Amino acid sequence: MSVRARIADACRVAGREPDDVTLLAASKYSDAAGIVELAAAGQRLFGENRVQDAVAKVAELPYMVRKAIRLHMIGHLQSNKARMAVEVFDVVQSVDSLGVAAAVARAARIAGRPLPVLVQVNVAADPSKSGFAVDDLLRDDRELLALEGISVQGLMTIGPAVARPEAARPAFAALRGLRDRLTGRWPPSALLQMSMGMSADFEVAIEEGATIVRVGTALFGDHHAK
């Protein structure tokens, strides 16, 4: 079954419309040719984990492909790479600290290009993963939302590595709960998106309200691997 068919099935189970969920092709392990191939099949949203890899791949893409697709940063962003990130990405999903948010906002102001971002939250308090701790976000959110140069549009989390998709549900439910907690505290425009779920568990994420699922292996497999 194709990934889009799986998304549609998960939406039916959850009582949602398939158009409510956007498929992001996580092209971390793909080369530029793999991106071109998926773009030719109609895929428009891609995600990269490293700024340097994104810059290199974009340089290899045909002009019309680059104009047709949107590129999201989905990996940890170092503050000193913020300028490059603003130049190459359409959205940074991995704003995982106030320092990174400030660096991206500053780079975006210099570039004269306001940048949409998602706030990455470590809802499972997993020490191996980046992201705001929930308490830290609630402490710093006013300062975060006030930064000029970025436009907060939602939340993102990376679920735990699990043997069964169902085991990831608590993390996804926690992000949904945080979004509900922030409703009224944040403007509606800052809570439009919930990016969560990957190849192994995106159906569960959809059931818990994901609006963006980040799928790599199920789309690319080993094909076009770098």
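All figures in this text were calculated on a predicted structure; none of them were measured in a lab.
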Closest non-hydrogen contact found for Ala39 with Val65 is CB-CG1, 4.0 Å

Worked check of side chain to side chain contact (heavy atoms under 4.5 Å, CB included) between Val95 and Leu118
CA-CA 6 Å; Val95 168; Leu118 303 186; over 6 Å; no

Closest non-hydrogen atoms of Ser79 and Gly99, given as atom of the first, atom of the second and distance, are OG-O, 3.9 Å

Hydrophobic clustering (ILVMFWY, side-chain heavy atoms < 4.5 Å, transitive) - are Leu45 and Phe220 grouped together? no

One should read off an interatomic distance between Ile35 CD1 and Ser30 OG, to the nearest 0.5 angstrom, of 5.5 Å

Do Met156 and Val21 sit in one hydrophobic cluster, given that two such residues count as connected whenever their side-chain heavy atoms are within less than 4.5 Å of each other, even indirectly? no

- Within a strict 4.5 Å, meaning less than it, do heavy atoms of the Val119 and Trp186 side chains meet? yes

Would you call Asp141 and Phe132 a side-chain contact if the rule is heavy atoms closer than 4.5 Å? no

Contact check, side chains of Arg181 and Val134, non-hydrogen atoms, under 4.5 Å: yes

Tightest non-hydrogen contact, residues Arg66 and Val88, listed as NH2-O, 2.9 Å

Verify the neighbour count for atom CZ of Arg142: are there more than 12 heavy atoms of other residues, nucleotides or ligands below 6.0 Å? yes

Contact between Glu203 and Val13 at the side-chain level, heavy atoms closer than 4.5 Å - yes or no?
no

Heavy-atom donor-acceptor pair, Asp31 side chain to Gly34 backbone, under 3.5 Å:
yes

Could you tell me whether the side chain of Pro62 reaches within less than 4.5 Å of the side chain of Val36, counting heavy atoms only? yes

Closest non-hydrogen contact found for Leu219 with Val215 is CD1-O, 3.4 Å

TODO: Determine whether Ile206 and Val162 fall in the same hydrophobic cluster, where Ile, Leu, Val, Met, Phe, Trp and Tyr are linked whenever their side-chain heavy atoms lie under 4.5 Å apart.
DONE: no

To the nearest 0.5 Å, atom CD of Glu207 lies from atom CZ of Arg16 at 10.0 Å

Handout entry: Min side-chain heavy-atom separation Pro116-Asp90 under 4.5 Å
Key = no

key: Greater than 12 external heavy atoms within 6.0 Å of Arg185's CZ   = yes

Tested for side-chain contact (heavy atoms from CB on, under 4.5 Å) against Ile158, the lone hit among His76, Met196, Met198 is Met198

Does the pair Lys57/Glu60 count as a salt bridge with the N-to-O cut at 4.0 Å?
no

- Backbone N or O of Lys28 within a donor-acceptor pair of the Asn49 side chain at under 3.5 Å? no

Inset, instruction - Would you check, one step at a time, whether the test side-chain hydrogen bond (donor to acceptor under 3.5 Å, both in side chains) holds for Gln193 with Thr211? - result: CA-CA 6 Å; Gln193 305 292 346; Thr211 62; 2.6 Å; yes

Test side chain to side chain contact (heavy atoms under 4.5 Å, CB included) on Val104 and Val86; report intermediate values, then the result. CA-CA 7 Å; Val104 173; Val86 168; 4.3 Å; yes

inquiry  = Is it the case that the side chains of Asp96 and Ser94 hold a donor-acceptor pair, with the cut-off being a distance below 3.5 Å and no angle test?
reply    = no

Counting N and O atoms only, with roles assigned by atom type, does the side chain of Arg214 sit under 3.5 Å from a partner on the main chain of Ser195, one being a donor and the other an acceptor? yes

CG of Leu23 to CZ of Phe202, rounded to nearest 0.5 Å, is 7.5 Å

Is there a path of hydrophobic side-chain contacts, each under 4.5 Å between heavy atoms of I, L, V, M, F, W or Y residues, that connects Leu145 with Leu147? yes

Correct closest heavy-atom pair for Ala85 and Leu77 would be CB-CD1, 3.9 Å

On a heavy-atom basis, the closest approach of Gly47 and Leu71 is N-CD1, 4.5 Å

Going by chain and number, the hydrophobic cluster around Met64 (ILVMFWY, side chain to side chain under 4.5 Å) further includes Tyr63

*Is there side-chain contact between Ile110 and Arg106, with at least one heavy-atom pair below 4.5 Å?*
yes

CD (Gln43) and CG (Leu24) are apart, to the nearest 0.5 Å, by 7.5 Å

So side chain to side chain donor-acceptor pair (under 3.5 Å) across residues 143-159, not counting sequence neighbours, yields none

Check your understanding: Do Leu137 and Met194 belong to the same hydrophobic cluster, where Ile, Leu, Val, Met, Phe, Trp and Tyr are linked whenever their side-chain heavy atoms lie under 4.5 Å apart, directly or via other members?
Key -> yes

In this structure, CG of Leu191 is separated from CG of Leu178 (nearest 0.5 Å) by 8.5 Å

Would you check if Asp136 and Leu98 make a side-chain contact, meaning some heavy-atom pair closer than 4.5 Å?
no

* Check against side chain to side chain contact (heavy atoms under 4.5 Å, CB included), Gln93 and Ile212 -> CA-CA 11 Å; Gln93 290 201 15; Ile212 300 172; 4.0 Å; yes

Donor-acceptor contact below 3.5 Å, side chain Thr217 vs main chain Ser199:
no

Output for pair (Gln52 CD, Lys81 NZ), nearest 0.5 Å, gives 4.5 Å

Evaluation steps, side chain to side chain contact (heavy atoms under 4.5 Å, CB included), between Ser27 and Glu48: CA-CA 6 Å; Ser27 47; Glu48 285 287 330; 2.7 Å; yes

